[in-house]
Amino acid sequence: MSKKVLFVLTSHDELGNTGKKTGFWSEELAAPYYALADEGVEVILASAKGGQPPIDPKSEESSFQTDHTKRMDNDTVLLDKLKNTIPLDEVKMEDYDAVFYPGGHGPLWDLAESSTSQKLIVDFYTANKPVAFVCHAPGVLKDVKVNGEYLVKGKKVTGFTNTEEEGVQLTNVVPFLVEDVLIKNGGIYSKIEDWNPYAVVDGLLITGQNPASSEKVAEELLKMI
């Protein structure tokens with residue numbers, strides 16, 4: 001029986017008021033996708049609005065290319081899945097074994113504010129299914145509560161660091177800082193040196209610090225399912 005994992009992507013493409021574009025970070029989709037798909041896991045893609053989600057143009061620059069992103073660029077099956085993502089409000093938790101949220105700056109604007117996304121995460125979590133997030137995606141947990149308490153409260157978590165946000169010079173552009181919101185909501189936040197792979201597991205919750213951590217998060221998710 002093949003396992004099915006839902007990937008949830010942003011549909012937001014405006015980088016605040018900068019006039020620049022954003023979206024999801026390509027490595028954070030590609031690396032986890034192949035880590036799971038190569039092990040026989042069926043990966044289904046959804047996005048806030050459905051259809052083709054925006055790719056952060058910066059993540060397509062040559063300096064950010066990896067073996068995974070190059071493979072994605074030539075993978076007609078995956079590119080077709082991307083063109084036809086399921087709208088988030090049509091997703092049923094019962095159809096999947098776990099959910100994974102790739103990052104990029106986009107999710108901070110749409111998925112973090114989406115009651116549909118919040119409910120979906122709670123549905124997975126309370127059904128005893130793993131929920132995984134990498135880089136900026138832990139920010140989508142900002143308003144997620146289980147039984148009246150923030151899901152991250154008292155749990156070990158990580159996510160894009162304040163110094164990493166400073167490094168990309170977007171501290172004053174993003175609607176909130178991932179590190180700050182995880183700490184504010186009672187998460188036991190930890191991090192390692194900027195841009196190094198780091199993933200944290202606490203029960204069903206898996207979080208990764210930055211793009212380099214995306215494969216690590218997928219490996220932890222694979223162990224759980």
Side-chain angles (χ1 to χ4, degrees), residues 2-10 23-47 53 55-56 58-75 77-79 81-82 85 96-107 111 121 124 129-141 155-161 164-165 167-168 178-179 182 189-225:
S2 154
K3 296 288 186 181
K4 284 172 89 168
V5 174
L6 178 72
F7 277 32
V8 178
L9 294 153
T10 182
F24 73 87
W25 197 261
S26 57
E27 166 72 359
E28 295 171 36
L29 168 69
Y33 177 86
Y34 292 118
L36 295 170
D38 289 350
E39 294 298 326
V41 176
E42 187 182 350
V43 178
I44 311 295
L45 305 184
S47 65
I55 299 177
D56 188 314
K58 201 157 183 64
S59 74
E60 298 195 289
E61 290 175 7
S62 57
S63 55
F64 294 115
Q65 294 313 295
T66 65
D67 290 344
H68 302 118
T69 60
K70 289 172 189 162
R71 183 176 169 189
M72 179 168 79
D73 290 342
N74 296 301
D75 185 339
V77 173
L78 177 50
L79 294 175
K81 280 187 182 183
L82 263 175
T85 66
Y96 306 96
D97 298 288
V99 67
F100 173 80
Y101 281 68
H105 284 89
L111 294 171
I121 293 164
F124 270 93
K129 294 178 178 183
V131 292
F133 311 84
V134 72
C135 195
H136 284 89
V140 308
L141 293 165
K155 296 198 180 60
K156 297 182 191 129
V157 287
T158 189
F160 205 59
T161 69
E164 285 168 334
E165 202 67 82
V168 296
V178 175
E179 178 179 337
L182 291 172
Y189 180 88
S190 63
K191 58 187 174 184
I192 61 167
E193 279 178 45
D194 289 358
W195 315 115
N196 282 280
Y198 183 57
V200 173
V201 179
D202 192 327
L204 296 166
L205 176 62
I206 310 167
T207 47
Q209 180 174 317
N210 47 35
S213 313
S214 51
E215 194 166 9
K216 231 177 171 51
V217 171
E219 285 163 4
E220 295 296 344
L221 183 58
L222 195 57
K223 284 181 207 166
M224 274 196 209
I225 59 171

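Excluded from the calculations below are hydrogen atoms, water molecules and symmetry mates; all remaining heavy atoms, backbone and side chain alike, are included.
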Indicate yes or no: at least one non-hydrogen side-chain atom of [X] is less than 4.5 angstrom from one of [Y].
X	Y	value
Val217	Phe133	no
Leu29	Leu82	yes
Leu205	Leu141	yes
Pro138	Leu182	yes
Val131	Val99	yes

_Residues that Glu39 engages under side chain to side chain contact (heavy atoms under 4.5 Å, CB included), provided they are two or more places apart_ =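 Residues passing side chain to side chain contact (heavy atoms under 4.5 Å, CB included) with Glu39: Leu222.
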
_List the residues meeting side chain to side chain contact (heavy atoms under 4.5 Å, CB included) with Lys58, not counting sequence neighbours, and say none if there are none._
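Counting only residues at least two positions away or on another chain, Lys58 forms a side chain to side chain contact (heavy atoms under 4.5 Å, CB included) with Trp25, Asp56, Glu61, Phe64.
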
Between [X] (side chain only) and [Y] (backbone N and O only), is there a donor and an acceptor less than 3.5 Å apart?
X	Y	value
Thr158	Ser190	yes
Glu220	Glu215	no
Asn210	Asn196	yes
Lys81	Val43	yes
Lys191	Gln209	no
Asp97	Lys4	yes
Ser26	Glu60	no

To the closest 0.5 Å, what do you measure between [atom1] ([X]) and [atom2] ([Y])?
X	Y	atom1	atom2	value
Phe7	Ile44	CZ	CD1	10.5 Å
Leu111	Tyr101	CG	OH	6.0 Å
Leu79	Asn74	CG	CG	8.0 Å
Lys129	Leu204	NZ	CG	11.5 Å

Determine the minimum heavy-atom distance between [X] and [Y], stating which atoms define it.
X	Y	value
Ser214	Ala31	OG-CB, 3.8 Å
Met72	Leu78	CG-CD2, 3.5 Å
Asp202	Lys155	OD2-CA, 3.3 Å

*asked:* Between Val5 and Tyr96, does the side-chain contact (heavy atoms from CB on, under 4.5 Å) criterion hold? Intermediate values first, please.
replied: CA-CA 6 Å; Val5 174; Tyr96 306 96; over 6 Å; no

*Between the side chains of Tyr34 and Asp67, does any donor sit under 3.5 Å from an acceptor?*
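No, because no side-chain N or O of Tyr34 sits under 3.5 Å from a partner of the opposite role on Asp67.
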
*Is it the case that His136 and Glu164 place a side-chain donor and acceptor less than 3.5 Å from each other?*
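There is no such pair (donor and acceptor under 3.5 Å, judged by atom type) between the side chains of His136 and Glu164.
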
_Stepwise side-chain contact (heavy atoms from CB on, under 4.5 Å) check, Met224 with Val201_ = CA-CA 10 Å; Met224 274 196 209; Val201 179; 3.4 Å; yes

*Taking NZ, NE, NH1 and NH2 as the nitrogens, is one of them in Glu219 or Lys216 under 4.0 Å from a carboxylate oxygen of the other?*
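A salt bridge is absent here (no side-chain N lies under 4.0 Å from a carboxylate O).
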
*Let me know which of Pro102, Cys135, Ser59 forms a side-chain contact (heavy atoms from CB on, under 4.5 Å) with Pro211.*
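Single side-chain contact (heavy atoms from CB on, under 4.5 Å) partner of Pro211 among Pro102, Cys135, Ser59: Cys135.
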
*Among pairs that include at least one residue of residues 191-218, which meet ring pair (Phe, Tyr, Trp, His ring centres under 6.0 Å), considering only residues two or more places apart or in two chains?*
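Output for this query lists Phe160-Trp195.
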
*Between Tyr189 and Thr161, is a side-chain contact (heavy atoms from CB on, under 4.5 Å) present by the stated rule, with each step listed?*
CA-CA 10 Å; Tyr189 180 88; Thr161 69; 3.4 Å; yes

